[in-house]
Amino acid sequence: MKEIIEVIALFLGFAGWILIFISLQDQYWKKSSEDGSAITTSTIYENLWMSCASDSTGIFNCRDFPSLFALPGYIQASRALMITSIVFGTFGLVATLVGMKCSKIGGEKYVLKGRIAAIGGVFFLLQGICTMIAISWYAATITQQFFDQFYQGIKYEIGAGLYIGWFSATLAICGGTCLMCSLCVAETPYPCQPSSRGHVLLTVARSETVSSNYGKNAYI
């Protein structure tokens, strides 16, 4: 049972980690809204790294943001959180691979391996939380600007990159939760083992004592 949970958790964490890169590469984090526009000549869409524009003929042009410090605060924070989530996900994958019961790394120290796998689960949880905060913060800013009647800039709508990010965060959180549950499943039987072993040793000791007593009486 524990091995199955660990394999599922590893798959979920790895899938969430891969989707972070897909989300970052996606150019449609936000797309200019066509609501209220009678004539649309171009469409503007952005992500954390660049801004692109396409016209009605399908020709598009992209440019990287020229300055980091000139960007709005929520974009800078989202960048930092997404990069941090990648780092947490990398640590989570390594710790999970080392701590899996079916892995040969670390020998047969299953208690220690179970705790290492749980640490991997914590890293997956942190990965999911960082991704969720970054995506939700970015989406909340878009929504606030869209419904602000006094906002004079371009209004955007939520793009596909944000939905990929939300899905990535959900998978990572589920994977981390599975690893934490696998630790509970693994350590439940341990408290019962010392008492059973002690009972067996005590029984053997008593039998040896009885047999030795019989041996002395036989000589007498």
Side-chain angles (χ1 to χ4, degrees), residues 12-37 40-55 59-96 119-177 179:
L12 293 175
F14 180 72
W17 186 71
I18 291 296
L19 287 176
I20 294 177
F21 292 95
I22 298 176
S23 176
L24 287 175
Q25 291 295 324
D26 194 287
Q27 298 176 346
Y28 290 90
W29 275 51
K30 62 180 181 180
K31 180 181 178 182
S32 59
S33 176
E34 299 178 0
D35 182 54
S37 299
T40 304
T41 58
S42 63
T43 301
I44 301 174
Y45 46 95
E46 296 181 358
N47 60 7
L48 295 177
W49 315 103
M50 65 180 64
S51 176
C52 301
S54 63
D55 55 20
I59 300 175
F60 67 93
N61 184 25
C62 296
R63 65 178 182 85
D64 296 332
F65 293 132
S67 174
L68 172 65
F69 298 105
L71 293 174
Y74 74 96
I75 295 181
Q76 298 183 32
S78 297
R79 279 186 178 184
L81 287 170
M82 293 297 285
I83 294 173
T84 304
S85 66
I86 292 176
V87 176
F88 281 142
T90 303
F91 289 154
L93 289 173
V94 173
T96 303
I119 293 174
V122 173
F123 280 126
F124 281 144
L125 288 175
L126 293 174
Q127 169 195 339
I129 292 172
C130 289
T131 305
M132 186 68 72
I133 293 174
I135 298 296
S136 300
W137 191 351
Y138 196 96
T141 304
I142 296 173
T143 306
Q144 181 182 4
Q145 293 176 354
F146 184 87
F147 291 103
D148 187 1
Q149 299 179 355
F150 300 99
Y151 181 72
Q152 300 298 324
I154 301 174
K155 294 187 176 182
Y156 293 89
E157 295 182 359
I158 296 175
L162 296 183
Y163 293 104
I164 297 174
W166 274 316
F167 188 52
S168 168
T170 303
L171 291 179
I173 292 174
C174 291
T177 303
L179 284 175

Beyond-backbone contact of Phe65 with Met50, side-chain heavy atoms, under 4.5 angstrom: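 Heavy-atom side-chain distance check fails, nothing below 4.5 Å.
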Do Gln144 and Tyr151 touch side chain to side chain, with heavy atoms closer than 4.5 Å?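 The answer is no, as the side chains (C-beta and beyond) never meet within the 4.5 Å cut-off.
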So, for [X] and [Y], which heavy atoms are closest and what is the spacing to 0.1 Å?
X: Gln127; Y: Ser85; value: CG-O, 3.4 Å
X: Trp166; Y: Met132; value: CD1-SD, 3.4 Å
X: Lys155; Y: Asp148; value: NZ-O, 3.3 Å
X: Trp49; Y: Asn47; value: N-OD1, 2.9 Å
X: Thr84; Y: Cys130; value: CG2-SG, 4.2 Å

Scan residues 64-82 for pairs that pass side chain to side chain donor-acceptor pair (under 3.5 Å), counting only residues two or more places apart or in two chains.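 Listed by first then second residue: Lys30-Tyr74.
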State the [atom1]-[atom2] distance between [X] and [Y], to the nearest 0.5 angstrom.
X: Leu93; Y: Phe124; atom1: CG; atom2: CZ; answer: 4.0 Å
X: Ile75; Y: Leu48; atom1: CD1; atom2: CG; answer: 7.0 Å
X: Ile154; Y: Ser51; atom1: CD1; atom2: OG; answer: 8.0 Å
X: Leu81; Y: Trp137; atom1: CG; atom2: CH2; answer: 7.0 Å
X: Ile173; Y: Ser168; atom1: CD1; atom2: OG; answer: 9.5 Å
X: Leu162; Y: Tyr138; atom1: CG; atom2: OH; answer: 7.0 Å

For Phe91, what residues pass the ring-ring contact (aromatic ring centres under 6.0 Å, His included) criterion, not counting sequence neighbours?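 Phe91 satisfies ring-ring contact (aromatic ring centres under 6.0 Å, His included) with Phe123 only.
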Is the count of non-hydrogen atoms from other residues, nucleotides or ligands lying under 6.0 Å from Tyr156 atom OH greater than 12? yes
Check the pair Leu179 / Val122 against side chain to side chain contact (heavy atoms under 4.5 Å, CB included), numbers first and verdict last. CA-CA 8 Å; Leu179 284 175; Val122 173; over 6 Å; no
Show your working on side chain to side chain contact (heavy atoms under 4.5 Å, CB included) between Thr131 and Met82 and close with a plain yes or no. CA-CA 6 Å; Thr131 305; Met82 293 297 285; 4.1 Å; yes
Between side-chain atoms of residues 16-27 and protein atoms elsewhere (two or more places apart, or another chain), which donor-acceptor pairs fall under 3.5 Å?
unit_1 : atom_1 : unit_2 : atom_2 : d
Trp17  : NE1    : Ile86  : O      : 3.3
Trp17  : NE1    : Thr90  : OG1    : 3.3
Ser23  : OG     : Gly161 : O      : 2.9
Asp26  : OD1    : Tyr28  : N      : 2.7

